[in-house]
Amino acid sequence: MARYNFRETEAKWQKIWEERDSFRATEEPGPLNAESRGKAYVLEMFPYPSGRIHMGHVKNYTMGDLIARVRRAQGYNVLHPMGWDAFGLPAENAAFQNKVHPAIWTRQNIDGMRTQLKSIGLTIDWSREIATCEPEYYKHEQAMFLDFLSNGLAYRRESWVNWDPVENTVLANEQVIDGCGWRSGAPVERRKLSQWFLKITEFADELLEALKTLDRWPDKVRTMQANWIGKSSGARLTFPLAGRSQDVEVYTTRPDTLFGASFLAISPDHPLAAELSAGNPALAEFIAECRQTGTSEAVIETAEKRGFDTGLKAIHPFDPNWQLPVYVANFVLMEYGTGAIFGCPAHDQRDLDFARKYGLPVTAVVVPAGTDANSFVVGDEAYTGPGALAHSKFLDGLDVEGGKRRAISELEALGRGYGTTVYRLRDWGVSRQRYWGCPIPIIHCPTCGIVPVPKDQLPVTLPLDVDFDKPGNPLSHHPTWKHVACPICGGKAERETDTFDTFFESSWYFARFCSPHETDRPFTREAVQYWLPVDQYIGGVEHAVLHLLYARFFTRALSKCGYLDLAEPFDGMFTQGMVTHETYRAPDGEWVSPAEIQRTEGGGIIRVADGAVLTAGRIEKMSKSKRNTVDPAAIIDGYGADAVRLFMLSDTPPERDMEWTEAGVEGAWRYVNRLWRLIEDYQTIESRQDGPGADKALELRRVAHRAIDRMSASIDAFALNSAVAEVRILSNAIGDQIAALHVEDGRRPVGPVLAEALTESIDILIRLAGPMMPHLAEELWQVLGHDRLLAQEPWPNADPALLISNTVTIAIQVNGKLKATIDLLRDCDAASAETTALADSRIVAAMAGKPARKVIVVPNRIVNVVV
RNA sequence: GCGGGCGUGGCGGAAUGGUAGACGCGCUGGAUUUAGGUUCCAGUGAUGAAAGUCGUGGGGGUUCAAGUCCCUUCGCCCGCACCA
């Protein structure tokens, strides 16, 4: 055997797998799955075709491929597809910068990325590849939208957007930098536009409740989704305005603190604010200032809390003589509750900050148990804990929950309010004022109003002859595209020029993969019934809320419209961590890419080009701005896909951020070569009747079968780094056995018992290594003389008899501190374990003559002597 | 601001409440080969001559026993509805 040539070998097996169509999925379990354990749909989040794959992709697809390969070997009928989330802003930015058409740019990127992905050696069924920018894909979602519309799941209303007043364009949140447009630099304004919404709120409670059933999802993702949905119970109540016929309706989760109210605050977008501003220029200016921020919640919430006293007085619902000032405040969101709140400074931090700023009274009405209500003072911190109500008339003495109930029943009796449930979740705005997205199939007719495009006229395709030089949406200034005849009256009408949010495409692509070539319908019932739900979905934690929630909603909406019969699309979910890298800076502050650096012998870092001494900075998420990305293609070229895959899996638990290092991938590369040499050495063994090693065989087999057992368990638990460790433990054990053999003329004589154990262990080792290092393992499998592909071989079974040994090592503690270990027969009785432990000289010494007060014996584990 | 997460040797990390540091990187010493990314062997938490003592971000608690459970505190990271 020559040196391992990964370049040739990896290309060779990728070609063979492809020629033999090894990973094609059909609903009929094939001969490989004669003893099929059912189907396994393994899916990684499909990539945006940015042009080149990045390390995050490699991590994602390596993990998914490992699962897919293991499941295949375990006898499951596996579906493991790939496609392209091909609509989105970057294509338009590229069009603007480089004068390339988004369609051409996207298709070129897809071609390049497909080649790169294939170089990783993934078990993808490429016959099912889809791209969401193709009319064959998006025509189905246009039909879905029309069905949502007729089923009351889509509607139109006004909503805010970021508006760049210089470019006259709508900006995405990421295009707003410090409150200004990224290209124009002009302060961004909020504007109202008429937009389409999907009624995700109709499923709010269902989406929340069903989280409980998703027991193969990470708890943190379920928690984040539950918080996002944000179910809260509270009260709606009305405050009459003094001297006016109007009321202000308020939502609160703390009706128990009504007697601690000191002001009312309404949103700058509240209708009352608009009305008052008409006769109040100062207020109008305040509201205009509030609109000088973006629409992002993070910006609004972190902005300085400001208010404007309208001069109006609201009358307390429980006391007609009590009047509260009414403010317009920038932190009150029109989208949540009623767009108006009452402020109780003593028991809400935000209200307290506001009250201190504007000199409003602070009255504590909940005091901790055992505290005197008259001496309890709120300083800089609001009291939000439990306690007894005080200074609250009929609520006095009640606890918080009791107070809430009593306050609500009182409000209901007075006809001033009622108990209610509110969700933080808002309906999903799907309109985008952009070109590179799926056209919304709607026609606006001056006579007939909003008219859906008839289904038989779908798809509404994007025109290709568009101009990106003018700001704004190219669809709206296209000379002809939007001008159409109204489908109802035949008169002159205009197409909707907005396109869908790209989350639309990713909300159902997993179903499309089930029958990607259907033309008249998005998928067949048989195919989705067979494959869905996805058994294992894998992707970045950054999608933990939005994408996953939208897909869950979409699945329900499609079921309501008769497309599916399913509530939850993803049975198992795994969220991976990011890939990070150290950062480097030149003396002038410029960021330097890892590809341009070299480490000196003294441990310093220099830039190769000019020898400039660099400083190593923090380890951060790989990003273009910090220039700390590493190109997977270059690394695969240098070390091979197997080494890259192995390093991706080996060091860090997959849910955590991992640091990419050159040393790490080199270590993985060395291990690839070590396995190659191990098989080389193994081939020198020669079975002889008088050969040595019979006494070593059983222990080696134990290690091998333990490796099967522990690695399988690690994979099921997604502890992929531990799974790699198990393979290394096994190869180390085999290597130790071989190294211990005497070499004669290049041969290693060995007795038949150990020879057989070595052969069995090597067989197991290669099967276990296959999902991680598929090319090397496939090559070694062939070298060992097998005809069948390793990719079609079953997973090994652990022999239970080899998983347990006769003796166990037991720790003996004195007062909880380890003093000795002893070997005992497995499952020996507690009494003899105690006797043996107390007889041990080290224990006698540690007890220093004191009597044992208590002895705790945990069978097969520990004896703790308390003195 | 709100929500979620993470913190263990020089480094990545392992550990059903039961022997802290598996596996690897790095480092130290040695051997082999002068190799055209070497390989192999031994050692490697701190401290101590040793016995031992200490040690899982900090502080407190529960327990025979805590990295693991509870309270509290500090630091870092991610998401926040038009990036995908």
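Proteins get letters first, then strands, A, B, ... in listed order; numbering begins at 1 in each. All values derive from a computational prediction rather than experimental measurement.
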Contact class for [X] vs. all strands (heavy atom < 4.0 Å): base, sugar-phosphate, or nothing?
X	value
A:R656	sugar-phosphate
A:S296	sugar-phosphate
A:L425	base
A:G88	sugar-phosphate
A:H543	base
A:I729	sugar-phosphate
A:V161	base
A:S650	nothing
A:G230	nothing
A:R424	base
A:N815	nothing
A:E659	nothing
A:T502	sugar-phosphate
A:F500	nothing

Less than 4.0 angstrom between a side-chain N/O of [X] and OP1 or OP2 of [N], yes or no?
X	N	value
A:R350	B:G1	no
A:N732	B:G24	yes
A:R432	B:C82	yes
A:R670	B:G26	yes

Tell me which of A:K819 and A:E542 sits closer to the 5' end of RNA chain B, going by the nucleotide each one is nearest to. A:K819
Please compare A:D427 and A:D637 by the position of their nearest nucleotide in RNA chain B and report the one closer to 5'. A:D637
Sugar-phosphate means primed atoms, P, OP1 and OP2; the rest is base. With that split, encode nucleotides 67-73 of chain B 5' to 3' as B, S or - using protein heavy atoms under 4.0 Å. -------
Could you state the [atom1]-[atom2] distance from [X] to [N], rounded to the nearest angstrom?
X	N	atom1	atom2	answer
A:F647	B:C11	CZ	C1'	11 Å
A:Y336	B:G1	OH	C1'	15 Å
A:M578	B:C6	CE	P	14 Å
A:E726	B:A15	CD	P	10 Å
A:L675	B:U39	CG	P	13 Å
A:K624	B:C83	NZ	P	16 Å

Please check if atom CZ in A:R222 has more than 12 non-hydrogen atoms from other residues, nucleotides or ligands closer than 6.0 Å. yes
Does any nucleotide pair with [N] by Watson-Crick or G-U wobble geometry, both distances under 3.5 Å, and what is it?
N	answer
B:U62	none
B:U47	B:G52
B:C23	B:G12
B:G36	none
B:G79	B:C2

What's the closest nucleotide to the side chain of [X] if the choices are [options]?
X	options	answer
A:R674	B:C40, B:G37, B:U19	B:C40
A:L546	B:C54, B:A81, B:C23	B:A81
A:Q433	B:C82, B:A84, B:G13	B:C82
A:A298	B:C64, B:C41, B:C80	B:C80
A:L818	B:A20, B:G24, B:U39	B:A20
A:S722	B:G37, B:A15, B:C41	B:A15

Closest heavy-atom contact between [X] and [Y]?
X	Y	answer
A:D498	A:S431	OD2-CB, 3.6 Å
A:A846	A:V814	CB-CG2, 3.9 Å
A:S722	A:S714	CB-OG, 3.8 Å

Pi-cation contact, [Y] with [X] (under 6.0 Å, within 45°):
X	Y	value
A:R432	A:F87	no
A:R728	A:Y671	yes
A:R426	A:Y336	no
A:R190	A:W160	yes

Name every residue in residues 220-229 of chain A that has at least one heavy atom under 4.0 Å from any atom of RNA chain B, in order of residue number, or write none if there are no such residues. A:K220, A:T223, A:M224, A:N227, A:W228
Which of residues 857-867 of chain A have a heavy atom under 4.0 Å from RNA chain B? A:V858, A:R861, A:I862, A:N864, A:V866
Using 30° and 60° as the class boundaries, would you call the ring planes of A:H547 and A:H543 parallel, tilted or perpendicular? perpendicular
Any idea how A:F553 and A:W428 line up, ring-wise: parallel (<30°), tilted (30 to 60°), or perpendicular (>60°)? perpendicular
Please determine whether a side-chain nitrogen of the Lys or Arg among A:E582 and A:K626 lies less than 4.0 Å from a carboxylate oxygen of the Asp or Glu. no
